[in-house]
*Asks:* 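This is the structure, below, for whatever I ask next.
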Amino acid sequence: MKILLITREYPFGVSPKFGGGGSHVFYLALSLSMIGEKVFILTYNGAKKEGSPLENFNNINVFQ
């Protein structure tokens, strides 16, 4: 299954946020990827996967 998460609360990038929506997106993407699902996160300009705890998960993709 492929899952698309659309959010401005993704916690890594130009304006990092963690808590509320940001932590929900982070843990949801992490949990889904750990059970083998392919996750796409569409978020604000400047967000990135590199340097985040999600960096080592190949089935999580972050797009701006």
Side-chain angles (χ1 to χ4, degrees):
M1 177 176 5
K2 294 180 181 177
I3 296 141
L4 173 64
L5 302 174
I6 302 173
T7 181
R8 292 187 50 83
E9 303 292 323
Y10 183 69
F12 308 107
V14 175
S15 52
K17 297 179 180 180
F18 206 85
S23 61
H24 175 73
V25 169
F26 172 79
Y27 288 112
L28 180 59
L30 181 65
S31 297
L32 288 168
S33 73
M34 291 176 78
I35 62 169
E37 304 299 342
K38 191 152 183 83
V39 179
F40 299 89
I41 301 173
L42 180 61
T43 189
Y44 60 89
N45 189 22
K48 58 185 179 174
K49 181 177 161 183
E50 294 75 24
S52 79
L54 300 177
E55 182 174 34
N56 297 319
F57 291 87
N58 293 331
N59 52 345
I60 297 178
N61 301 284
V62 177
F63 298 99
Q64 306 173 25

*Asks:* Could you state whether F63 and I41 fall into the same hydrophobic cluster, counting links through intermediate Ile, Leu, Val, Met, Phe, Trp or Tyr residues with side-chain heavy atoms under 4.5 angstrom apart?
*Replies:* no

*Asks:* Once rounded to the nearest 0.5 Å, what's the spacing between atom CG of N61 and atom CG of L4?
*Replies:* 11.0 Å

*Asks:* Can you tell me how far apart NZ (K2) and CG (N59) are? Round to the nearest 0.5 Å.
*Replies:* 12.0 Å

*Asks:* Rounded to the nearest 0.5 Å, how far does OG1 of T43 lie from CD of Q64?
*Replies:* 8.5 Å

*Asks:* Is there a path of hydrophobic side-chain contacts, each under 4.5 Å between heavy atoms of I/L/V/M/F/W/Y residues, joining M1 to I6?
*Replies:* no

*Asks:* With a 4.5 Å heavy-atom cut-off, do V39 and L5 have their side chains touching?
*Replies:* yes

*Asks:* Give the cluster check for L32 versus V25: same hydrophobic cluster or not, with ILVMFWY residues linked at side-chain heavy-atom distances below 4.5 Å.
*Replies:* yes

*Asks:* Given 3.5 Å as the limit, does a donor-acceptor pair link the side chain of S33 with the main chain of F57, or not?
*Replies:* no

*Asks:* Is there a continuous path of hydrophobic side-chain contacts, each under 4.5 Å between heavy atoms, that joins I60 to L28?
*Replies:* yes

*Asks:* Mind checking whether F40 and V62 sit in one hydrophobic cluster, side chains of I, L, V, M, F, W, Y counted as touching below 4.5 Å?
*Replies:* no

